Number of protein chains: 2
Amino acid sequence: MSYTIKDVAKHANVSIATVSRVLNGQSGYSKATEEKVLVAIKELGYQPNAFARGLISRKSNSLGILFPEVSSQFSSKILRGVEEAAHRLDSSVIVCNTASHGQRTIKYLQLLTEKRVDGILFVSETITEEYYKKLESMQIPVVLISTESYQYPLPFVKVDDKHAAFTATDYLVKMGHSKIGMISGNKDDIIAGQPRIDGYKQALTQRGLPIKEENIVQSQGFSFKDGFTGLPKLLEQSPGLTAIFAASDALALGAISSAYKLGIRIPDHLSIIGYDNLPIAEMAIPPLTTVAQPLEEMGMVAAEMLFTMMDQGRRVESRIMPHSVIERESVKEIKFT
Amino acid sequence: MSYTIKDVAKHANVSIATVSRVLNGQSGYSKATEEKVLVAIKELGYQPNAFARGLISRKSNSLGILFPEVSSQFSSKILRGVEEAAHRLDSSVIVCNTASHGQRTIKYLQLLTEKRVDGILFVSETITEEYYKKLESMQIPVVLISTESYQYPLPFVKVDDKHAAFTATDYLVKMGHSKIGMISGNKDDIIAGQPRIDGYKQALTQRGLPIKEENIVQSQGFSFKDGFTGLPKLLEQSPGLTAIFAASDALALGAISSAYKLGIRIPDHLSIIGYDNLPIAEMAIPPLTTVAQPLEEMGMVAAEMLFTMMDQGRRVESRIMPHSVIERESVKEIKFT
DNA sequence: TTGTACGCGTTATCAC
DNA sequence: GTGATAACGCGTACAA
């Protein structure tokens with residue numbers, strides 16, 4: 001069994017109150033007793049009990065983070081940032097893999113309530129009414145990452161999807177392309193689907209280029225596989241394309257892989273720009289030009305927002321994070337003569 | 001503020017003891033009172049307080065897992081498995097990113113002790129004396145993942161690195177190669193460095209092939225960058241190679257990328273086999289043939305080991321997990337005539 | 001079948 | 001400066 005504050009008190013010949021005081025860096029004791037206590041603590045190897053502390057303080061110094069899929073590169077990067085920020089503030093992070101499953105998510109929320117986490121981070125998930133009610137009843141800060149809610153007033157941190165998609169497409173135009181296709185995620189995805197399509201279209205419009213529906217292929221999700229099957233479909237619908245905007249790096253890599261199989265050379269025959277700037281982007285052949293989201297930073301910022309909400313009970317403004325295109329080698333400039 | 005068991009008791013007109021009993025599925029109450037209590041719980045939306053529970057039970061229903069780098073694909077996969085197993089047993093997982101930093105690791109261990117986690121998982125780290133002492137003083141189960149300790153009696157789950165490296169190399173031989181190089185990690189890495197080199201050498205020896213030191217290039221770590229710089233170095237030392245065993249998928253991808261820049265075609269000019277079977281392996285161009293480690297399963301198995309140690313106080317046997325080569329397209333068979 | 005009361009390890013409010 | 005002691009919310013031995 002481990003030692004308690006009582007043991008320390010006895011060992012140092014003081015009261016537990018005094019031990020508690022030096023433990024928490026309060027005032028009200030002489031230098032001499034402080035020394036005594038510190039020695040006792042060290043000698044016994046005493047470790048405060050977070051349960052007892054939490055019972056009184058009503059704080060756990062931990063936060064919960066929910067992902068649809070923890071093991072994606074996207075999630076990992078965010079987790080990394082969150083963990084870093086949490087660590088700096090002496091907090092721990094509890095990870096939950098919801099698998100986009102309602103029941104499972106609710107169960108996690110339940111668990112996190114019992115553990116009295118100080119705050120909750122929701123990544124890439126749509127907030128249903130059920131979730132929101134549960135969150136509301138928990139009475140703790142919540143911050144959304146890489147998603148937002150139109151129905152519920154939850155602060156979020158994400159990039160502007162439409163704007164970023166605009167930037168990606170516009171980059172292709174600037175590089176001399178005019179026949180630009182898109183491999184998009186699901187249109188029904190209000191957050192990452194439609195807005196990116198809108199951004200793509202707006203860039204074309206603004207540049208005086210026509211919008212053709214056959215230049216867009218929608219896929220189930222944002223995965224490698226989706227990109228792999230998406231490219232041939234798109235090229236069949238619309239053979240003349242010289243460049244493609246893929247709505248995620250995974251989609252882009254899938255497309256590149258597919259192109260390789262088809263004997264289409266990137267970027268000589270076809271240019272591709274991705275979205276996310278995951279580590280895989282620079283591992284691709286050729287290295288993928290892409291629109292970067294500052295994922296780690298987003299994680300850190302979200303965690304920090306959570307902490308200011310916790311500590312100061314303050315409402316907090318949502319944050320739109322900057323995106324930027326990372327030029328690598330998957331887009332070729334077309335020169336005019 | 002949230003409701004307590006006292007509130008529920010009052011609401012249901014019973015004592016807190018009774019509430020506690022139905023809460024914990026014990027016996028000793030009539031169907032009628034059970035009903036009353038359940039209703040009260042539901043009406044109030046009562047949530048048990050894990051602090052109070054933990055104070056008595058001395059259990060937190062959570063475990064800590066330490067990674068040198070949470071955001072690698074390798075770590076993520078393991079985390080996914082651990083999380084899954086933990087979820088099934090109503091436990092939570094607290095992630096810690098040690099950054100391979102001693103001080104930071106110790107601090108995490110400290111934190112985890114205070115939170116009274118039920119067990120600890122250590123991933124890919126060398127257990128120093130300092131760590132071990134700390135772990136010992138914590139008096140809780142520990143399981144190592146993808147690493148092991150020769151000095152301290154800690155159970156582990158990993159694949160047999162030497163054997164897996166042997167298998168990889170042997171596969172290349174079977175495919176008709178005889179001039180086989182290796183891009184290895186650091187020789188000083190007792191766990192993932194030297195053993196893989198040994199496995200490589202043993203395969204050659206056993207097949208009657210000569211071992212030449214110039215056919216091996218060592219790198220700092222197992223990263224993409226290491227592979228990228230390693231390949232040209234290796235090819236300079238030893239120009240006649242027809243196949244290469246890379247000690248990790250990241251190394252392999254780096255090498256492939258480098259080969260691409262050099263105009264060397266994989267697998268036509270050079271065959272490459274990797275190690276790990278991360279998701280990136282199938283995204284590579286060409287898709288990477290590699291030796292697979294069952295990472296998710298390793299995570300699950302390790303977590304389960306932890307639980308049996310916790311619940312039954314039993315010692316537990318280390319587990320060597322099976323590896324297997326995943327044939328994709330980065331290795332070409334050489335036919336003899 | 002049910003209720004009372006003590007203890008888990010801390011912090012905080014009093015007195016001294 | 002220092003020390004009792006009452007919470008914090010729950011489980012459980014014991015009594016009824």
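All values below come from the heavy atoms of this structure, side chains included, with hydrogens, waters and symmetry mates left out. Note that this is a predicted model, so its numbers are computed, not measured.
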If you walk 5' to 3' along DNA chain D, what is the first nucleotide with an atom under 4.0 Å of a heavy atom in chain B, and what is the last? D/dG9 to D/dT12

Gap between atoms CZ and C1', on B/Phe51 and C/dG7 respectively (whole Å): 19 Å

Between C/dT10 (C1') and B/Ile56 (CD1): distance, integer Å: 14 Å

Would you kindly give the CG-to-P distance between A/Asp7 and C/dC8, to the nearest whole Å? 11 Å

Which part of the nucleic acid, if any, lies within contact of B/Tyr46, taking any heavy atom under 4.0 Å across all strands shown: a base, the sugar-phosphate backbone alone, or nothing? sugar-phosphate

Quiz: residues 138-157 of chain A side-chain donor-acceptor pairs under 3.5 angstrom, not counting sequence neighbours:
unit_1   : atom_1 : unit_2   : atom_2 : d
A/Thr147 : OG1    : A/Glu125 : O      : 3.1
A/Ser149 : OG     : A/Gln151 : N      : 3.4
A/Ser149 : OG     : A/Tyr152 : N      : 3.0

Does anything in residues 311-322 of chain A pair up under salt bridge (charged side-chain N to carboxylate O under 4.0 Å, His left out), and if so which pairs, sequence neighbours excluded? none

Would you please name every residue forming a side-chain contact (heavy atoms from CB on, under 4.5 Å) with A/Ser92, sequence neighbours left out? A/Ser62, B/Ile94, B/Leu111, B/Lys115

Write out all pairs satisfying ring-ring contact (aromatic ring centres under 6.0 Å, His included) with one or both partners inside residues 73-95 of chain B, taking only residues at least two apart or from two chains. A/Tyr108-B/His87

Residues pairing under salt bridge (charged side-chain N to carboxylate O under 4.0 Å, His left out) where one sits in residues 20-32 of chain B, two or more places apart or in two chains, turn out to be B/Lys31-B/Glu34

For residues A/Gln103 and A/Thr105, is any side-chain donor paired with an opposing acceptor at under 3.5 Å? no

Give me each pair satisfying salt bridge (charged side-chain N to carboxylate O under 4.0 Å, His left out) with a member in residues 92-104 of chain A, each pair once, sequence neighbours excluded. A/Arg104-B/Glu83, A/Arg104-B/Glu84

Nearest whole angstrom, please: distance from the P of C/dC8 to the CZ of B/Arg116. 14 Å

What's A/Gln47 touching, base or sugar-phosphate or nothing? Going by heavy atoms closer than 4.0 Å. sugar-phosphate

side-chain hydrogen bond (donor to acceptor under 3.5 Å, both in side chains) partners for A/Asp276, two or more places apart: A/Gln293

For A/Thr33 and A/Glu35, does a side-chain donor sit closer than 3.5 Å to a side-chain acceptor? no

If each end axis of the helix from C/dT1-D/dA16 to C/dC16-D/dG1 is fitted on five C1' pair positions, the angle between them, to 10 degrees, is 40°

Listed by chain and number, what are the side-chain contact (heavy atoms from CB on, under 4.5 Å) partners of B/Asp90, not counting sequence neighbours? A/Lys107

Pairs of donor and acceptor atoms involving the side chains of residues 10-17 of chain B, under 3.5 Å and at least two apart or interchain, shall be tabulated with distances.
unit_1  : atom_1 : unit_2  : atom_2 : d
B/His11 : NE2    : B/Glu43 : OE1    : 2.7
B/Ser15 : OG     : B/Ala17 : N      : 3.4
B/Ser15 : OG     : B/Thr18 : N      : 3.3
B/Ser15 : OG     : B/Thr18 : OG1    : 3.3

Between B/Asn49 (CG) and C/dC8 (C1'), how many Å, whole number? 13 Å

Every protein N/O lying under 3.5 Å from an N/O of nucleotides 2-5 of chain C:
unit_1 : atom_1 : unit_2  : atom_2 : d
C/dT2  : OP2    : B/Ser30 : N      : 2.9
C/dT2  : OP2    : B/Thr33 : OG1    : 2.8
C/dG3  : OP2    : B/Ser15 : N      : 2.8
C/dG3  : OP2    : B/Ser15 : OG     : 3.2
C/dG3  : OP2    : B/Thr18 : OG1    : 3.0
C/dG3  : N7     : B/Arg21 : NH2    : 2.8
C/dG3  : O6     : B/Arg21 : NH1    : 3.4

Ignoring backbone atoms, test whether A/Arg58 places a side-chain nitrogen or oxygen under 4.0 Å from the OP1 or OP2 oxygen of C/dT11. no

Provide, to the nearest angstrom, the distance between the CG atom belonging to A/Leu55 and the P atom belonging to C/dA12. 13 Å

Expressed as a whole number of angstroms, how long is the span from A/Arg53:CZ to C/dC8:P? 19 Å

